[in-house]
Every structure is written in C-alpha cells, then in structure tokens.
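Order of the sequence lines fixes the chain letters, A, B, ..., with proteins taken first and strands second; residue numbering starts at 1 for each chain.
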Amino acid sequence: MGLNDQQEQRLAKLRALREQGLDPYPPRALRTHSAAEAVARFTAIEPSLGGEPDPEVVAVVGRVVAIRDLGRIVFCHIRDGSGAIQIYLRRDLLGDERLAWFKRFIDLNDFIEVQGHLFRTRTGEISVQVQEFRLLTKALNPPPDKWRGLSDVETRYRQRYVDLLTSEKVRRIFVVRAQLIRALRRYLDERGFLEVETPTLQPIYGGAAARPFTTYYHALDQTFYLRISDELYLKRLLVGGYERVYEICKDFRNEGIDARHSPEFTMLEFYAAYCDYLDVMQMCEEMVVYAAEQALGTLVIPWGEHTVDLTPPWRRVSLREVLLEHTGIDFLHVTEQAELYARARALGADVQPTTVWPRILDELLKSFVRPRLIQPTFVYDYPVELSPLAKRKPDDPRLVERFQLFIGGLELANAYTELNDPLDQLARFLEQARDRELGDEEAMPIDEDFINALMYGMPPTGGFGLGIDRLVMLCTNQQNIREVILFPQLRVKPEMTGLVEALAPYLHLVVATPTVPTISGRSPSADEGSDSSHD
RNA sequence: GGGCCGGUAGCUCAACUGGCAGAGCAGCGGACUUUUAAUCCGCGGGUUGUGGGUUCGAUUCCCACCCGGCCUACCA
C-alpha cells in the first residue's frame with residue numbers, strides 16, 4: 001500500500017519539527033479550562049467586561065478540527081472532551097514568524113495547546129485570542145471528509161477510532177450506553193443487590209440454549225466454554241445465602257450475526273430471593289424507566305418510524321392471549337404438534353413438519369407477535385417446554401411463571417420465577433438431554449453440580465435477564481446492534497496494509513533531539529506511586 | 001448456507017452502449033486582518049478489492065475468489 005501524499009507531507013513536517021529541536025509528542029499539557037468551561041467562564045463574566053476581552057489568560061487544549069486561514073489572521077476550532085471552541089490567531093499579536101510557523105506545521109487532527117484571552121468575535125462566537133500555542137501531538141493521518149465524515153460501514157467498524165473522532169452522534173451513543181449501565185447499577189445497588197463476578201470460562205455451559213464458543217484450558221488440561229449465560233452460577237449464590245445478586249457481563253453465543261444478535265453481547269442478570277416473576281416484572285419496569293430517565297431525561301423515545309413511550313404502567317398480556325390476538329391460535333387447545341404445524345403453515349410461518357411444538361410456538365411469537373409489540377409489553381406465562389429453568393404455575397403445570405419484555409419489536413428481557421425443585425430441574429434437564437440426542441444442538445447439557453446445589457435448597461426466587469445492547473439500541477434509536485458495540489467483530493482482512501514497511505524509512509525520527517533539559521521537580525516515584533498491585 | 005447490492009484518489013462520490021479515470025472536500029503553492037463548509041487563483045495525487053478470461057482496447061463484459069451491506073436462513 002505505501003503511504004499517501006498526505007501522510008508523506010505530515011511525515012516531512014514531523015521531520016522538520018525534529019530538526020528544529022521540537023518534540024512533536026511532548027509528555028505534558030497545560031490546561032486551565034476545558035473548551036466548555038472556557039465558554040461558560042466568558043459567558044458568566046462578559047456583562048462586566050464592557051466589550052473588552054477577558055483580562056485573564058486561559059489555557060485550552062484540543063484536537064484541531066477546522067482551520068480557516070485568512071492571511072494575516074487564522075481561525076481554528078479545537079475540540080476536547082467537553083466540546084469545541086474557536087481560537088483566533090493574528091499576526092500582530094503572535095508575530096510574523098509564529099503565525100507562519102502555525103500555518104506551516106499545524107494540520108487538522110493535530111492536538112495543540114493555546115493560551116490567550118477569551119473574547120467574543122464580531123460574528124458573536126466566544127473565542128480564544130491566542131498569545132502562545134504549542135503542538136501537543138502531531139497527527140500523521142488526515143481526517144475523513146469534512147462534511148460527510150466516514151460513511152463506509154466496514155471502515156467505521158474496523159477503525160472505530162476514526163468513526164468516533166469524526167462523529168459526535170457516534171460518540172454520544174456510547175455515552176448513553178455508559179449512563180444506562182450506571183443507572184441500572186445504581187438502581188440495583190440501592191435495593192440491596194450485591195454485584196458479583198462469576199466465571200466467563202465454564203467447564204459446562206448452561207443457563208440458555210445456544211451453541212457455545214469452545215476453548216482449551218491448558219493449565220487444567222480440559223475443554224472449556226465461554227459462558228452463554230451466568231444464570232446457573234448466580235443461582236448457586238442464592239443457595240450460598242446471598243439474597244440479592246446481580247452481574248453485568250459479556251455472554252458469548254456461537255451463532256449468527258444480524259441486526260439484533262451479536263455473538264458477544266452484554267447481559268444484566270439479577271436474582272432476588274422471596275420474589276416471584278410478578279415482583280420482578282414490577283422491578284423491571286421501574287428499573288428500565290429509571291435508566292431511561294437518567295440517561296435520556298425523557299420516557300418518550302423515537303424508534304425508527306415509531307415513537308416509544310416508556311411511561312408506566314406497561315401493558316401485560318399472557319402469551320396465550322397475545323398469540324390468540326395476532327394468530328388466532330390458542331396454544332392451550334392446539335396441543336397436537338400436527339395441528340399446530342398445519343395452523344402455523346396456514347399463516348405462512350416458516351416451519352417444517354419436524355419442527356417440535358414449542359419451537360413452532362416460538363416461531364409464531366417471533367414472526368407474528370414480536371414485530372408488532374412496539375410499546376412496552378410484558379408477555380407472560382409460557383409453556384413449560386420452552387423454559388427448562390422456570391417454575392411451573394401451581395394451577396396449570398403446562399405453563400411456567402415466565403415473562404418476556406418487548407419494546408420496539410425487540411426482545412429486551414426475560415424472567416422467571418426460578419425453578420428450585422431439584423427433582424423437577426433434573427427432569428427438565430433429562431428432557432433437554434433427549435432433545436439433544438435427537439439433534440437439538442442448543443438443548444442444555446445436564447449440570448449435575450447445579451442439581452446438587454439445588455439439593456441444598458434455593459429459596460423461592462425471581463430471576464431476570466436484560467439485553468443491555470438492545471436497551472442501548474432502543475434508547476439511541478439504532479436499528480443495528482453493532483452500532484451500540486464499540487468494536488464489533490469482522491472477518492480479518494487477509495491483505496497486508498504494508499504500513500510497517502512504508503513507515504520503516506521514518507523510524508530514525510523517533511530519536512528526539514533534546515532541547516531543554518528536564519527541570520521538573522517531580523519524581524516519577526512520587527508521582528505514580530506503587531499502588532498498582534497487579535502482577 | 002441462499003438471494004440481492006456494493007468495493008474507483010486520504011474521505012465522499014461520478015464515469016452513458018467497452019473508447020484519454022473525473023469532481024467536491026482534504027493536501028501542496030499563492031492572495032486575503034473577523035471567518036463559521038470562509039473565499040479566490042494555480043498544482044499534485046489512482047495496482048479502479050484480488051486473480052484469471054474475452055477484446056485492438058476492460059472501472060465497464062465473463063469466471064473464480066476476498067471483504068462488506070441488506071434480506072433470508074440459523075438463533076427460547
């Protein structure tokens with residue numbers, strides 16, 4: 001590939017800087033105000049200034065994102081984590097040489113530090129009148145298109161750093177994501193939940209139906225699996241005596257990638273002793289409402305062509321009713337596989353004669369019901385065959401106490417009154433094992449140790465799982481899950497970029513020419529301490 | 001896995017029926033003392049995803065492959 005002309009230009013500038021005895025990557029910066037703080041400061045004191053500039057000198061830093069060179073004056077925008085601010089350089093303040101140097105050596109994407117007085121320009125923009133400036137970091141790559149930014153999806157995902165540095169909208173997605181997670185944690189922490197960490201590498205996978213990623217654990221000389229769920233470990237903790245636990249973690253399912261599925265995704269699960277699924281339903285509603293309020297400041301969310309309103313109370317409907325409503329099928333009365341198959345087929349569902357009864361039902365739910373559940377909807381009471389870890393309803397053993405939450409056509413959460421009867425649990429596992437032998441790769445393997453744990457007694461418990469990525473999708477109006485994952489996986493490109501070879505001739509430039517001896521009175525040991533106990 | 005679409009300058013995109021590979025931004029040089037996508041003049045920049053084939057001639061047509069997107073399948 002080699003270097004393009006712009007990279008060559010910038011490397012030539014880098015060389016010139018070295019020859020001038022300047023460090024293009026100095027270790028420290030001087031900053032008295034962030035961009036936003038500088039603007040806020042000037043706004044606050046402006047009425048007392050009588051049109052004069054701020055008499056104090058401020059120091060701001062940031063990436064150069066725009067340069068407008070008007071000859072004897074130059075306007076730039078620099079951006080830091082708080083936002084952007086305009087800087088204003090004029091020859092009669094800086095001198096001929098300094099301004100020329102700026103124009104010659106400062107490029108878009110470079111980081112700089114400027115000192116000067118805040119003022120308001122004739123066109124009304126609060127700006128820094130630069131008296132001193134300094135290069136903080138030389139950028140060797142130019143930014144993408146000034147207006148349209150980076151639009152190639154593949155590049156956006158492969159080089160997310162470029163996507164982020166280009167797009168405020170993309171940066172905001174991950175801020176909202178963090179705010180949502182923070183709020184979920186706060187909600188649970190404030191209600192007595194203990195945050196725990198359970199194994200990512202598991203000798204037996206369980207807690208969900210999915211194909212796992214497999215790895216080899218050399219120290220133990222055994223095959224291990226990346227967790228598809230943390231459910232069975234969290235329940236063991238309830239056996240152990242904790243009443244309320246939660247974990248936010250990555251789960252891994254070795255399955256297809258599409259707009260709503262990422263093989264590596266983030267899940268929140270919580271378990272609360274002495275609660276049932278109706279208690280959990282209430283908490284789920286409160287928690288999601290709280291998170292949205294904290295992250296977005298509103299409960300009314302644009303979602304594609306729809307508007308989702310999270311204002312409680314949310315609709316609650318049994319699976320039987322909602323299937324009846326959208327397909328006309330009453331699954332409590334269509335109990336024969338052949339009949340259900342015929343009915344589903346008549347509706348146009350993509351099912352095979354061999355598709356088992358519960359999977360047909362699931363297909364009906366996915367194809368005919370879920371896409372229509374735009375406003376928050378709890379669907380509850382599922383057939384036992386679909387839910388091997390949930391407790392049966394006392395008055396109808398064909399059903400389990402389970403609900404799913406649908407918003408915006410997304411399956412967002414799944415919860416049960418947890419099965420704590422070790423014998424029933426074993427019976428469910430055995431059923432799964434039978435399906436497994438019949439070729440259902442996703443059916444759960446038997447986890448004997450989990451049965452053993454239940455034999456010690458797990459209190460009546462409500463459990464809950466929430467797809468964090470999907471909640472972020474909803475709250476940021478993103479229709480593809482990869483838009484809310486910072487570094488989504490893509491197939492590695494086999495071709496070499498040749499960057500290593502292309503940059504080799506420039507490696508001598510890393511030898512800095514010392515100019516000013518270090519006069520810092522601070523010693524590294526005093527500065528950095530030895531608080532890191534890692535290793 | 002299947003179907004459809006795409007990959008051209010650093011970025012965003014053109015290139016008709018096969019006929020000199022172009023524009024805007026960015027870059028480089030010049031002019032300009034209040035700009036906001038600044039403006040104006042000039043200049044450079046290409047392995048057209050990769051490899052084959054057809055042809056006097058291929059970004060364009062054909063084949064294979066690579067990468068990606070959408071749909072579909074798979075996925076409680």
Side-chain angles (χ1 to χ4, degrees), chain A residues 1-10 12-13 65-77 84 86-94 99 103-104 107-109 119-125 127 129 139-159 162-163 166 207-211 228-229 253-263 265 319 350 352 356 358-363 365-366 370 382-390 400 402 404 411 414 416 432 435 440-444 465 479-480 482 488 490-495 498:
Chain A
M1 280 266 294
L3 301 174
N4 64 53
D5 57 334
Q6 306 203 40
Q7 292 170 321
E8 300 274 10
Q9 284 288 347
R10 285 162 181 253
K13 292 176 185 180
V65 293
I67 301 175
R68 291 179 293 281
D69 177 358
L70 278 71
R72 293 185 176 82
I73 61 172
V74 176
F75 291 95
C76 295
H77 273 96
Q86 180 169 266
I87 64 171
Y88 171 64
L89 302 94
R90 43 191 297 172
R91 192 170 69 173
D92 53 13
L93 264 176
L94 276 170
L99 187 64
K103 292 192 202 183
R104 177 78 195 89
D107 291 308
L108 294 176
N109 271 354
F119 76 113
R120 192 181 285 277
T121 63
R122 251 177 240 169
T123 50
E125 181 159 354
S127 308
Q129 194 168 65
L140 299 179
N141 282 326
D145 190 87
K146 176 160 62 171
W147 278 102
R148 286 184 269 193
L150 194 57
S151 62
D152 181 70
V153 176
E154 182 176 355
T155 311
R156 287 186 49 235
Y157 292 161
R158 286 192 195 280
Q159 303 182 35
V162 184
D163 191 26
T166 304
R211 190 203 305 172
I228 57 173
S229 164
R253 299 185 183 174
N254 207 342
E255 288 165 353
I257 301 175
D258 65 30
R260 294 185 197 82
H261 294 85
S262 170
F265 65 102
L319 179 62
D350 185 17
Q352 306 303 316
V356 295
R359 295 243 185 259
I360 297 175
L361 217 53
D362 198 43
E363 174 63 27
L365 176 62
K366 281 177 180 170
R370 189 183 66 196
Y382 283 63
V384 63
E385 293 89 340
L386 275 173
S387 320
L389 302 169
V400 294
R402 170 184 179 187
Q404 289 188 304
E411 178 192 325
N414 185 24
Y416 328 123
Q432 292 283 308
D435 289 349
D440 186 349
E441 273 187 59
E442 270 86 32
M444 292 183 204
Q479 309 297 318
N480 194 310
R482 286 190 282 188
L490 293 178
R491 206 184 295 269
V492 172
K493 277 200 168 179
E495 60 202 74

Determine the Euclidean distance between corresponding P atoms of B/G3 and B/G46; express it in Å to zero decimal places. 38 Å
Rounding to an integer number of angstrom, what distance separates B/A9 and B/A14 when you compare their C1' atoms? 13 Å
Whole-Å distance, A/D152 CG to B/G69 C1', equals 9 Å
Rounded to the nearest 0.5 Å, how far does CG of A/L361 lie from CD of A/E385? 8.5 Å
Output yes when a side-chain donor or acceptor of A/R402 lies under 3.5 Å from a complementary backbone atom of A/N414, and no otherwise. no
For B/G22, which nucleotide in any strand shown is its Watson-Crick or wobble partner with both distances under 3.5 Å? B/C13
With a 4.0 Å limit, can you tell me whether A/R359 has a side-chain N or O closer than that to the phosphate oxygens OP1/OP2 of B/A76? yes
Span that lies between the C1' atom of B/G24 and that of B/C61, in whole angstrom: 31 Å
B/U59 and B/C13: how far apart are their C1' atoms, nearest whole angstrom? 14 Å
Once you apply the 3.5 Å cut-off to both distances, tell me the Watson-Crick or G-U wobble partner of B/A37, or none. none
Under 4.0 angstrom, heavy atoms only, what part of the nucleic acid is A/N480 near: base, sugar-phosphate, or nothing? sugar-phosphate
Provide, to the nearest angstrom, the distance between the OH atom belonging to A/Y157 and the P atom belonging to B/C67. 18 Å
Side-chain N or O of A/R491 closer than 4.0 Å to phosphate OP1/OP2 of B/G68: yes
NZ on A/K103 to CZ on A/R91, rounded to 0.5 Å: 8.0 Å
What's the separation between atom CZ in A/R120 and atom CD in A/Q129, rounded to the nearest 0.5 Å? 14.5 Å
When you measure from the side chain of A/E255 to the backbone N and O of A/R211, does any donor-acceptor pair fall under 3.5 Å? yes
When rounded to the nearest Å, what value does the distance between P atoms of B/G52 and B/C40 take? 46 Å
Report which part of the nucleic acid A/E125 touches: base, sugar-phosphate, or nothing (heavy-atom distance under 4.0 Å, all strands). base
Taking atom types as they are modelled, would you say the side chain of A/Y88 forms a donor-acceptor pair with the base of B/U35 within the 3.5 Å cutoff? no
What contact category does A/R402 fall into here, base, sugar-phosphate, or nothing, at under 4.0 angstrom with non-hydrogen atoms? sugar-phosphate
B/U72 C1' sits how many Å from A/I257 CD1, rounded? 16 Å
Base, sugar-phosphate, or nothing: which does A/N414 touch, judged by heavy atoms less than 4.0 Å apart? nothing
If you find the nucleotide of RNA chain B closest to A/F119 and the one closest to A/L490, which residue's nucleotide is nearer the 5' end? A/F119
At under 4.0 Å between heavy atoms, what does A/T121 touch on the DNA or RNA strands: base, sugar-phosphate, or nothing? base
Once you round to the nearest 0.5 Å, how far does CD1 of A/I73 lie from CG of A/D92? 9.5 Å
To the nearest angstrom, how far is A/D69 atom CG from B/A31 atom P? 10 Å
Are any of A/R72's side-chain N or O atoms less than 4.0 Å away from OP1 or OP2 of B/A31? no
Between A/H261 (NE2) and B/C71 (P), how many Å, whole number? 13 Å
For a quick check of understanding: with a heavy-atom distance under 4.0 Å over all strands, which category does A/Q86 fall into, base, sugar-phosphate or nothing? base
Which letters describe nucleotides 22-28 of chain B, given B = protein heavy atom under 4.0 Å from base, S = only from sugar-phosphate, - = neither? --BBBSS
Point-to-point distance, once rounded to the nearest 0.5 Å, from CG of A/N141 to CG of A/L3: 9.0 Å
Distance, C1' atom - from B/U8 to B/A58, rounded to whole angstrom: 14 Å
Is it the case that more than 12 heavy atoms not belonging to A/R260 sit under 6.0 Å from its CZ atom? no
Could you let me know what B/U55 is paired to, Watson-Crick or G-U wobble, both distances under 3.5 Å, or none if it's on its own? none
Looking across every strand, which nucleic acid part, if any, lies under 4.0 Å from A/R158 by heavy atom: base, sugar-phosphate, or nothing? sugar-phosphate
Scan every strand shown for a Watson-Crick or G-U wobble partner of B/C75, both distances under 3.5 Å, and answer none if you come up empty. none
Whole-Å distance between B/G69 C1' and A/L150 CG? 15 Å
Specify the separation, in whole Å, of atom CZ of A/R68 and atom C1' of B/A31. 19 Å
How far does CG of A/L93 sit from CG of A/L99, to the nearest 0.5 angstrom? 10.5 Å
Please report the distance separating the P of B/U50 from the corresponding atom of B/U34, rounded so that it comes out in whole Å. 48 Å
May I ask you to say what A/P358 touches in the nucleic acid, namely base, sugar-phosphate or nothing, with a heavy-atom cut-off under 4.0 Å? nothing
Starting from C1' on B/C11, measure out to CG on A/D163 and report it in whole angstrom. 13 Å
Kindly point out which of B/C75, B/U33, B/G69 is positioned nearest to the side chain of A/R482? B/G69
Give a yes/no on whether any side-chain N or O of A/S151 is located under 4.0 angstrom from OP1 or OP2 of B/U12. yes
Distance-only, no hydrogens or angles: does the A/R253 side chain make a donor-acceptor pair with backbone N or O of A/I228 under 3.5 Å? yes
Can you tell me how far C1' in B/G18 sits from the matching atom in B/C32, rounded to whole Å? 48 Å
